Each structure stands twice: as C-alpha cells, then as structure tokens.
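Owing to the predicted nature of the structure, the values given are computational and were not obtained by experimental measurement. These values consider heavy atoms only, across backbone and side chains, with no hydrogens, waters or symmetry-generated copies.
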Amino acid sequence: MSRVQLALNVDDLETAVAFYSKLLGAEPAKRKPGYANFAITEPPLKLVLLENPGKGGTLNHLGVEVDTTDKVHSEIARLSGAGLFTDEEMGTTCCFATQDKVWVTGPGGERWEVYTVLADSDTFGVSPKTLVDAGQAPAGEVCCGTASNDTAASESTESGQPATTAACC
C-alpha cells in the first residue's frame, strides 16, 4: 500500500492533535515530544505534525510512503531517469523511525520524499548540529533533508534530540 504524506508545522502540538483527531476521526499512530503522526487508511494518508512555534499552518514537506526499499529504489531510477536530481538517504533515522528514502525538490522549492519505514526508533534522528560539526551537512540542514533558516534547527537538546522539529518528517 502507498499513501501520500503531508507534514505540517504546528504552533502547539496538543491543540493540533485535538483538531486533527476530530477531523480525521482517529487518534495519532505515533506521539513523541513535538511530534505526532496519523496513519489514515481511507483516504490513504500519513499526516505528520511537527511542533514549530511561530510557523504553524505552514507546509513542512510532502511525501509518498511505500511498502519496501525495492519500491524506493524503483522511484530513484524513475525520477533520475526523468532528469530530476535525487538525494538518497538509506538506513537513516528520522522522525522516530529508521527509513530508506529519496528526496526531490519541486519547482516551487517544495520538498518531496518517497520513503519506507524499516523500523521504529526511540530517537528523533541524528542531531543536525552533529552533522554540521562532522562536516556532513550545511548549517540549517536536518535529518529529513529539508532546509531550515531557524537557527534552533541546528541545535540539539541535552537528550540529543533536535531543539525543534522544524524541518523533519
């Protein structure tokens, strides 16, 4: 089964969860600090809520969740063959899950990911600051490959979690 993913920035996670629970008639499939996702069967939708005060109501990123890594690789081949630049992340931990994924950027700068979840994780992902310090990502980049101009996105808390989930799935 494939389903579209819509990741939204929200000012207050509790308020957003209450609203979307009523709207969708379902409770979140996963809840973590600053993060919630709904896995809706009909219509097939993965709604991800990312607490990002001051940016509520804005699009974080879009995606298509697929069943297998083979499907991710098929999409890499298809997208590359169509002349789109792809950014591949295999075995990455992001948004409390280990995933294989590929990113493409739309004409308006919107980020799309095609991904599969390999396993749940107790951690949000690699701290963006860790990646920057290691020279593996420019300042402002975060685990899901979307850029953020928010300086808090490049900092982490004592627990190793990002200070904000501003730009991650």
Side-chain angles (χ1 to χ4, degrees), residues 1-10 28-30 32 34-52 55 58-150 153-154 156 160-169:
M1 173 201 72
S2 295
R3 62 179 158 205
V4 172
Q5 175 188 279
L6 173 60
L8 299 176
N9 294 314
V10 299
K30 187 184 286 190
K32 300 285 185 175
Y35 176 89
N37 79 42
F38 293 81
I40 306 302
T41 304
E42 193 57 42
L45 171 69
K46 173 76 87 58
L47 176 64
V48 176
L49 304 176
L50 299 158
E51 192 166 58
N52 191 6
K55 297 192 181 192
T58 62
L59 179 66
N60 188 283
H61 67 276
L62 302 159
V64 177
E65 183 178 20
V66 296
D67 291 332
T68 67
T69 295
D70 286 343
K71 288 186 181 180
V72 172
H73 286 290
S74 294
E75 285 302 294
I76 291 168
R78 186 182 70 78
L79 295 166
S80 297
L84 297 176
F85 173 77
T86 61
D87 183 14
E88 301 166 26
E89 295 180 4
M90 299 300 151
T92 190
T93 298
C94 181
C95 301
F96 302 100
T98 302
Q99 306 169 5
D100 284 344
K101 64 175 75 183
V102 60
W103 289 92
V104 295
T105 303
E110 65 278 11
R111 299 279 290 161
W112 280 89
E113 66 176 330
V114 177
Y115 70 100
T116 190
V117 173
L118 304 173
D120 265 350
S121 172
D122 291 331
T123 60
F124 186 79
V126 175
S127 163
K129 184 172 181 355
T130 302
L131 291 175
V132 171
D133 290 346
Q136 296 175 351
E141 290 292 312
V142 296
C143 69
C144 287
T146 56
S148 170
N149 294 325
D150 184 353
S154 64
S156 62
Q161 301 301 316
T164 179
T165 55
C168 198
C169 56

Looking at every heavy atom in both [X] and [Y], which two are closest together, and how far apart are they?
X	Y	value
Ala7	Leu59	O-CD1, 3.7 Å
Phe85	Val104	O-CG1, 3.6 Å
Lys30	Phe96	NZ-O, 2.7 Å
Asn9	Lys55	CB-O, 3.3 Å

Working to the nearest 0.5 angstrom, can you tell me the gap between [X] [atom1] and [Y] [atom2]?
X	Y	atom1	atom2	result
Thr86	Leu79	OG1	CG	7.0 Å
Thr93	Leu118	OG1	CG	9.0 Å
His61	Trp112	NE2	CH2	10.0 Å
Trp103	Leu62	CH2	CG	9.0 Å
Ile76	Asp100	CD1	CG	8.0 Å
Leu47	Asn37	CG	CG	8.5 Å

Validation row: [X], [Y] side chains within 4.5 angstrom (heavy atoms):
X	Y	answer
Tyr35	Leu50	yes
Cys94	Lys101	yes
Val114	Arg78	no
Gln99	Glu113	yes
Lys46	Arg3	yes
Lys32	Phe124	no
Met90	Val72	yes

Quick one: does any side-chain atom of [X] pair with a main-chain N or O of [Y] as donor and acceptor, under 3.5 Å?
X	Y	answer
Thr116	Val66	yes
Asn52	Val10	no
Lys71	Ser2	no
Ser121	Thr123	yes

